[in-house]
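Just so it is clear: chains get the letters A, B, ... in the order the sequence lines come, proteins before strands, and each one is counted from 1.
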There are 2 protein chains.
Amino acid sequence: MSESDQSRLLPRNNTYAQATESVLREMILDGSIGPGQRLNEVTLASSLGISRGPLREAIQRLTSEGLLTVISHRGAFVRTFSRDEIVELYELRAALELHAVRLVCARASDAELEDLDAMLSDTESRMRESTGHAYPQELDFHLRLVLLAGNQALMRSALEAHRQLSLARSMSGQRPTRARAAVVEHGELVAVLRARDLEGATALMIRHLDHSMASAIAVLGLPGDEDAPTTRSDDRSRGADGTVAPD
Amino acid sequence: MSESDQSRLLPRNNTYAQATESVLREMILDGSIGPGQRLNEVTLASSLGISRGPLREAIQRLTSEGLLTVISHRGAFVRTFSRDEIVELYELRAALELHAVRLVCARASDAELEDLDAMLSDTESRMRESTGHAYPQELDFHLRLVLLAGNQALMRSALEAHRQLSLARSMSGQRPTRARAAVVEHGELVAVLRARDLEGATALMIRHLDHSMASAIAVLGLPGDEDAPTTRSDDRSRGADGTVAPD
DNA sequence: GAACTGCAAACTGTCAACAGTTCACAGAGA
DNA sequence: TCTCTGTGAACTGTTGACAGTTTGCAGTTC
C-alpha cells in the first residue's frame with residue numbers, strides 16, 4: 001500500500017466520496033486489499049483521513065461495480081470469484097467485444113485503426129526490453145477497441161467486466177504467462193480489422209478470448225467446478241508491484 | 001405516487017438503504033418522479049420516514065445503475081436521455097441479446113423454450129382482452145430470453161439496459177403503439193429458436209430491435225441529432241398508470 | 001433599463017455520536 | 001472433553017447537527 005493515502009484527496013475529485021471511490025478501487029485492483037479481505041469501516045476511514053459517511057458511499061458504488069460484496073450487518077468484502085463466475089465474465093466480454101468488432105469494422109476510420117496498430121507495436125517493443133511481466137495497465141487493448149466502437153454504454157459495461165476480471169486474476173499470485181502470445185493475437189486481430197474482414201475478425205476474437213479464459217482459469221488453479229473460494233481474511237500472497245496477467 | 005411510502009419499509013429488505021433503493025427505483029420507473037426532476041434529500045428523506053444517510057446510499061446505487069445523474073453540490077436528478085444515448089442503449093442490448101440468442105440456441109432445453117412460448121401466448125391472450133396498452137411489466141420477454149442463457153453477469157447488464165430504456169421511454173407521455181407487433185415478432189423469434197435456427201434467430205432479433213428502436217425514438221419525438229434535453233424540473237406530463245411502451 | 005455585486009436562504013457534503021446486530025469467548029452443564 | 005448458552009466487545013446501520021457551496025434576489029452602479 002502506497003503511503004499517499006493520508007495525502008490530500010481532493011485535487012481532482014471535488015468530493016471525498018468520489019475521491020475515496022477512486023482510491024479504494026485502485027487499492028483493490030492493485031492488491032493492497034486482498035481478495036476476500038474485509039474492509040473495516042472505522043479503521044479504513046481514519047486511515048484515509050475521512051469519516052465513515054463518504055467511505056460508505058464509495059463502498060456502495062464499488063459494490064454495484066462488482067468489486068465488493070457487502071453482507072448486511074457483517075461488512076464489505078473484496079469479492080472473490082468462482083470458476084463459473086469467471087466463465088460468465090468471459091462470456092459477457094465476448095458479447096460486448098464481438099459486437100464492438102462489428103461496429104469498429106463498419107465505422108472506425110483507417111486512421112483510428114492505424115493508431116491502434118501503432119499502440120500495439122509500442123507495447124510490443126516495451127515488452128521486449130522489459131523483463132516480460134510489465135504490461136501496460138493504462139488502457140488495455142481490448143478496451144481501446146471497444147472505445148473505437150464509439151458507444152459509451154458499451155464501454156461502461158466492458159470496463160466493468162474488465163475490472164472484475166482483473167480482480168479475479170489477482171486472486172492468484174502467479175506471474176503472467178500469456179502476455180506475449182496475447183500481443184501477437186492482438187496484432188493478428190488488428191490486421192484483419194484493417195482489411196475490414198468482419199468474419200475473420202470475429203473468428204480471431206472468439207479464439208483469442210477462449211485462449212485468454214483458459215489461461216486465466218489455469219493460472220487461478222480452478223480446474224473443476226468447485227464452489228467460490230470462501231472468504232479468507234488476511235491472504236496477502238500477491239507480489240508487490242501489482243502487475244497481473246493481461247488480457 | 002402511491003401512498004405506501006410512509007409504511008414500514010423493512011419486511012423484505014433488512015436495511016433502510018436497500019429498501020429505499022427499491023422504493024426509489026420504482027418511483028422513478030413508474031414516473032412518480034419525472035425525468036429531469038431533482039430529488040430534494042431532506043424532503044424525500046422525511047417523506048420516506050428515514051434520514052438522509054440511507055437515502056444518499058440509495059441515490060449512489062441508482063446513479064451507478066444509470067437512473068440518476070448527480071452533480072456535486074447541486075443534487076441528484078432523474079436521468080434524461082438524448083437520441084444518441086438511446087441508440088447506444090439499443091446497441092448494447094443488441095450485443096447482449098444477440099449473444100443470449102446464441103447461448104440459448106446452443107444450451108436451452110426444449111422444455112425451457114416451450115415455457116417461453118407458453119408465456120408468450122399467455123401475454124398475447126391477456127393483451128387481446130385488455131384495452132391494448134396493458135403490457136405485463138413483471139418480466140419482459142427479452143429478459144426471460146437472457147435469463148435462459150444462464151449467465152448472471154449477462155443478465156445483470158441486460159437488466160440495467162432495460163431499466164434505463166424503460167426510463168427513457170417514460171420521457172414521453174405517449175401510449176404504446178407497438179405492443180401487438182412486438183408480441184408477434186417475439187413469437188416468430190421463439191419459433192425459429194425452437195427449430196434451433198441460429199442464423200434465423202439472429203436475423204429476426206436484429207430486425208426486431210431495429211423496429212423497437214425506431215418506434216421508441218419516434219414516440220419520444222427526437223427525430224434529429226439534438227443534444228440531451230436539459231434538466232427541466234417539474235415536468236410531470238406522464239399518464240397515471242405508469243404503463244409505457246413495451247420492448 | 002441592464003449588468004454587476006453582495007447577501008441570505010436552501011441545500012448538499014461531512015462528521016461524530018447513538019442504536020442495533022454479529023461474533024468470539026468464557027463458563028455451565030452433560 | 002464436548003456442547004450449549006449467555007455476555008460483552010467490536011462493528012455496521014442510522015441519526016441529527018455542522019460546514020461549505022450554490023442559487024436567487026435585492027441593491028447598486030453605469
Review point. Checking salt bridge (Lys or Arg N to Asp or Glu O under 4.0 Å) for the pair Glu88(B)/Arg93(B): CA distance, chi angles, key distance, verdict?
Key: CA-CA 9 Å; Glu88(B) 285 194 353; Arg93(B) 277 190 58 186; over 6 Å; no
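- For Asn14(B) and dT12(D), the CG to P distance is 15 Å, given to the nearest whole Å.
- Look at CD1 on Ile59(B): it is 14 Å from P on dC11(C), rounded to the nearest Å.
- Using a 4.0 Å heavy-atom distance criterion, Gly53(A) is classed as making no nucleic acid contact.
- When rounded to the nearest whole Å, the span between CD of Glu41(A) and C1' of dC15(C) equals 14 Å.
- The CZ-C1' distance, from Arg61(B) to dG13(D), rounds to 13 Å in whole Å.
- dA16(C) atom P lies 11 Å from atom CD1 of Ile50(A), rounded to whole Å.
- Closest to the side chain of His73(A), from the set dG13(D), dG13(C), dT14(D), is dG13(D).
- Separating the OH atom of Tyr16(B) from the C1' atom of dC18(C) is a distance of 15 Å, rounded to the nearest angstrom.
- If you measure from atom CD of Glu57(B) to atom P of dG13(C), you get 14 Å, rounded to the nearest angstrom.
- A close approach under 4.0 Å does not occur between any side-chain nitrogen or oxygen of Asn40(B) and OP1 or OP2 of dA10(C).
- Remark: Arg74(B) is in phosphate contact with dT23(D), judged by side-chain N or O atoms under 4.0 Å from OP1 or OP2.
- With 3.5 Å as the limit, one finds no donor-acceptor pair spanning the side chains of Arg61(A) and Gln18(A).
- At a cut-off of 3.5 angstrom, counting only N and O atoms as typed in the model, there is a donor on one side and an acceptor on the other between the side-chain of Arg52(B) and the base of dG13(C).
- If you check every strand for non-hydrogen atoms under 4.0 Å, Leu39(B) touches sugar and phosphate atoms only.
- Spacing between atom CD1 of Ile71(B) and atom P of dT22(D) amounts to 12 Å, rounded to whole angstrom units.
- If you find the closest nucleotide of DNA chain C to Ser72(A) and to Ala17(A), the one lying nearer the 5' end belongs to Ala17(A).
- Checking dT12(D), dT12(C), dC15(C) against every side-chain atom of Arg56(B), the shortest atom distance belongs to dT12(C).
- A donor and an acceptor atom, one from each side chain of Thr15(B) and Glu57(B), are nowhere located under 3.5 Å apart.
- Under 3.5 Å, the side chains of Asp30(A) and Ser32(A) contain a donor-acceptor pair of N or O atoms.
- Contact annotation: Arg38(A) side-chain N/O to dT12(D) OP1/OP2 distance is under 4.0 Å.
- Between Glu65(A) and Arg156(B), no side-chain nitrogen of the basic residue sits less than 4.0 Å from a carboxylate oxygen of the acidic one, so the salt-bridge criterion is not met.
- Heavy atoms of Leu55(B) sit nowhere under 4.0 angstrom from any nucleic acid atom.
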